[in-house]
Number of protein chains: 2
Amino acid sequence: MVVDTELTDDEVDRIFRALADATRRDIIRRTLVEETSVSELAGTYDMSFAAVSKHVAVLEGAGLVTKHPYGRERRVRGNPEAIRRAQRLLDAYEQIWRNRIGRLDALLDEPRSTD
Amino acid sequence: MVVDTELTDDEVDRIFRALADATRRDIIRRTLVEETSVSELAGTYDMSFAAVSKHVAVLEGAGLVTKHPYGRERRVRGNPEAIRRAQRLLDAYEQIWRNRIGRLDALLDEPRSTD
DNA sequence: AGTATCTACAACCATTTGGTTATACGTTAC
DNA sequence: GTAACGTATAACCAAATGGTTGTAGATACT
């Protein structure tokens with residue numbers, strides 16, 4: 001079952017942009033390991049709670065994390081499916097490269113396993 | 001031979017940031033297929049040559065493309081190695097997730113192949 | 001009820017980004 | 001030599017980003 005994640009340019013923009021910040025990448029790491037409240041996250045970074053809250057919002061907007069109310073907390077959970085989606089995006093470039101190699105081989109009339 | 005691409009936060013920032021723009025992603029695609037001069041690239045986007053030149057500079061700064069002088073042209077070439085480096089970055093998150101699963105299994109005292 | 005905690009959000013600010021036009025320089029063509 | 005082409009870069013501008021403080025709403029604690 002190929003889900004065919006047809007992502008818009010805007011969605012892809014958001015995913016990579018969200019990944020382009022060390023604090024946000026750290027939040028992803030931590031929340032992939034275990035669900036963590038926003039204030040718990042904020043406690044370990046050298047910036048205001050509001051700043052961390054914004055980072056979480058950026059990650060949420062990109063689908064890289066989800067938030068789950070738990071009492072007065074909002075627990076943040078890393079979304080491995082979104083990570084895989086990003087991986088597939090990069091795989092596409094890798095594939096373009098491999099296809100190119102295949103085409104060059106064809107030009108050189110030098111048959112080779114194309115997998 | 002594991003090269004152990006020890007990337008700094010800044011370098012990782014630049015890579016994902018460079019990927020967070022549709023025009024730049026298109027330039028990567030095109031230059032992975034074949035080396036292309038900056039003006040040739042610029043000809044197909046609805047923006048000035050200078051804007052495209054800047055996009056190429058951003059990609060170059062992230063290591064995603066390289067430029068090669070050829071007469072008065074600068075030919076842009078996609079760098080598949082940098083793409084793979086980005087893939088490895090995402091793989092690391094995937095791995096964190098998989099490790100988590102392993103740990104949960106351990107908690108549940110439900111042994112399973114840990115690869 | 002009253003207080004402390006967790007969160008969201010607005011307003012603000014400095015810096016960066018993504019675009020523009022204009023200028024300058026090296027290379028090719030005539 | 002001069003004109004045309006390919007490129008880089010500076011100066012400029014609007015919008016987005018990443019931070020701040022302050023305010024206010026829910027929820028939990030006593």
Side-chain angles (χ1 to χ4, degrees), chain A residues 8-31 34-79, chain B residues 8-31 34-79:
Chain A
T8 66
D9 278 347
D10 247 37
E11 289 170 320
V12 179
D13 286 4
R14 275 199 294 273
I15 291 172
F16 284 127
R17 168 157 275 292
L19 288 167
D21 180 282
T23 302
R24 289 198 289 261
R25 288 192 299 274
D26 196 60
I27 292 175
I28 292 176
R29 268 179 236 112
R30 291 176 59 184
T31 58
E34 68 176 338
E35 242 185 26
T36 312
S37 74
V38 180
S39 61
E40 206 170 345
L41 288 170
T44 66
Y45 302 114
D46 191 23
M47 66 183 75
S48 68
F49 172 88
V52 174
S53 178
K54 274 197 199 178
H55 280 308
V56 172
V58 170
L59 288 168
E60 195 184 17
L64 287 162
V65 306
T66 52
K67 273 194 285 197
H68 304 88
Y70 187 84
R72 59 187 164 187
E73 300 181 349
R74 297 304 145 93
R75 296 209 172 154
V76 183
R77 189 186 300 168
N79 180 4
Chain B
T8 67
D9 278 348
D10 247 38
E11 289 170 320
V12 179
D13 285 5
R14 276 199 294 273
I15 291 172
F16 284 126
R17 169 160 277 290
L19 288 166
D21 180 282
T23 302
R24 289 197 289 262
R25 287 192 300 273
D26 196 61
I27 292 174
I28 292 175
R29 269 180 235 112
R30 291 177 59 184
T31 58
E34 68 176 339
E35 241 185 27
T36 312
S37 74
V38 180
S39 60
E40 205 170 347
L41 288 170
T44 66
Y45 301 114
D46 190 23
M47 66 184 75
S48 68
F49 172 89
V52 174
S53 179
K54 275 197 198 177
H55 280 307
V56 171
V58 170
L59 289 167
E60 194 183 16
L64 287 162
V65 306
T66 52
K67 273 194 282 195
H68 305 88
Y70 187 83
R72 59 186 163 186
E73 299 181 349
R74 297 304 146 92
R75 297 208 171 156
V76 183
R77 188 187 300 168
N79 180 4

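Owing to the predicted nature of the structure, the values given are computational and were not obtained by experimental measurement. The chains referred to below are lettered A, B, ... by the order of the sequence lines, with proteins before strands, and numbering in each begins at 1.
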**Asked** Once you round it to whole Å, what is the distance between C1' of C:dT7 and NE2 of A:H68?
**Response** 16 Å
**Asked** Looking at A:K54, does any N or O in its side chain come under 4.0 Å of the phosphate oxygens OP1/OP2 on D:dT20?
**Response** no
**Asked** Whole-Å distance between D:dT17 C1' and A:D21 CG?
**Response** 10 Å
**Length of the line joining A:H55:NE2 and C:dA8:P, which is rounded to integer Å** = 15 Å
**Prompt:** Counting only side-chain N and O atoms of B:S53, is one of them less than 4.0 Å from OP1 or OP2 of D:dA8?
**Reply:** yes
**Prompt:** Taking CE from B:M47 and C1' from C:dT21, how many angstroms apart are they, rounded to a whole number?
**Reply:** 16 Å
**Request:** Using whole Å, report how far NZ of B:K67 lies from P of D:dT7.
**Result:** 9 Å
**Message:** Just the rounded figure in Å: distance from C1' of C:dT17 to CZ of B:F16.
**Reply:** 19 Å
**Request:** Look at the side-chain N and O atoms of B:R72 and state whether any lies under 4.0 Å from the OP1 or OP2 oxygen of D:dA4.
**Result:** no
**Request:** Name the residue closer to the 5' end of DNA chain D, choosing between A:D46 and A:G71 according to the nucleotide with the nearest heavy atom.
**Result:** A:D46
**Message:** Both B:V58 and B:A50 contact DNA chain C. Taking the nearest nucleotide for each, which residue is further toward the 5' end?
**Reply:** B:V58
**Prompt:** Between A:T44 and A:R30, is any side-chain donor less than 3.5 angstrom from a side-chain acceptor?
**Reply:** yes
**Prompt:** Is it true that B:D21 and A:R17 have a side-chain N and a carboxylate O under 4.0 angstrom from each other?
**Reply:** no
**Message:** Under 4.0 Å from OP1 or OP2 of C:dT20: is there any side-chain N or O of B:S48 that close?
**Reply:** yes
**Message:** Please determine whether a side-chain nitrogen or oxygen atom of B:S39 lies at a distance below 4.0 Å from atom OP1 or OP2 of D:dT7.
**Reply:** yes
**Request:** To the nearest 0.5 angstrom, please state how far the CD1 atom of B:I28 sits from the CG atom of B:L59.
**Result:** 5.0 Å
**Request:** Would you mind reading off the distance between A:Y70 atom OH and D:dA26 atom C1', rounded to a whole angstrom?
**Result:** 17 Å
**Request:** Using a 4.5 Å cut-off on heavy atoms from C-beta on, say whether the side chain of A:T31 contacts that of A:V76.
**Result:** yes
**Message:** Does B:S37 reach a base, just sugar-phosphate, or nothing at all? Heavy atoms under 4.0 Å.
**Reply:** sugar-phosphate
**Request:** Assign each of A:R24 and A:R74 to its nearest nucleotide of DNA chain D by heavy atoms, then name whichever residue's nucleotide is nearer the 5' end.
**Result:** A:R24
**Prompt:** Using a cut-off of less than 4.0 Å, is there contact between a side-chain N or O of A:R17 and OP1 or OP2 of D:dT17?
**Reply:** yes
**Prompt:** For the pair made of CZ in A:F49 and C1' in C:dA10, what is the distance, rounded to whole Å?
**Reply:** 15 Å
**Prompt:** Any side-chain donor-acceptor pair under 3.5 Å between B:H55 and B:R24?
**Reply:** yes
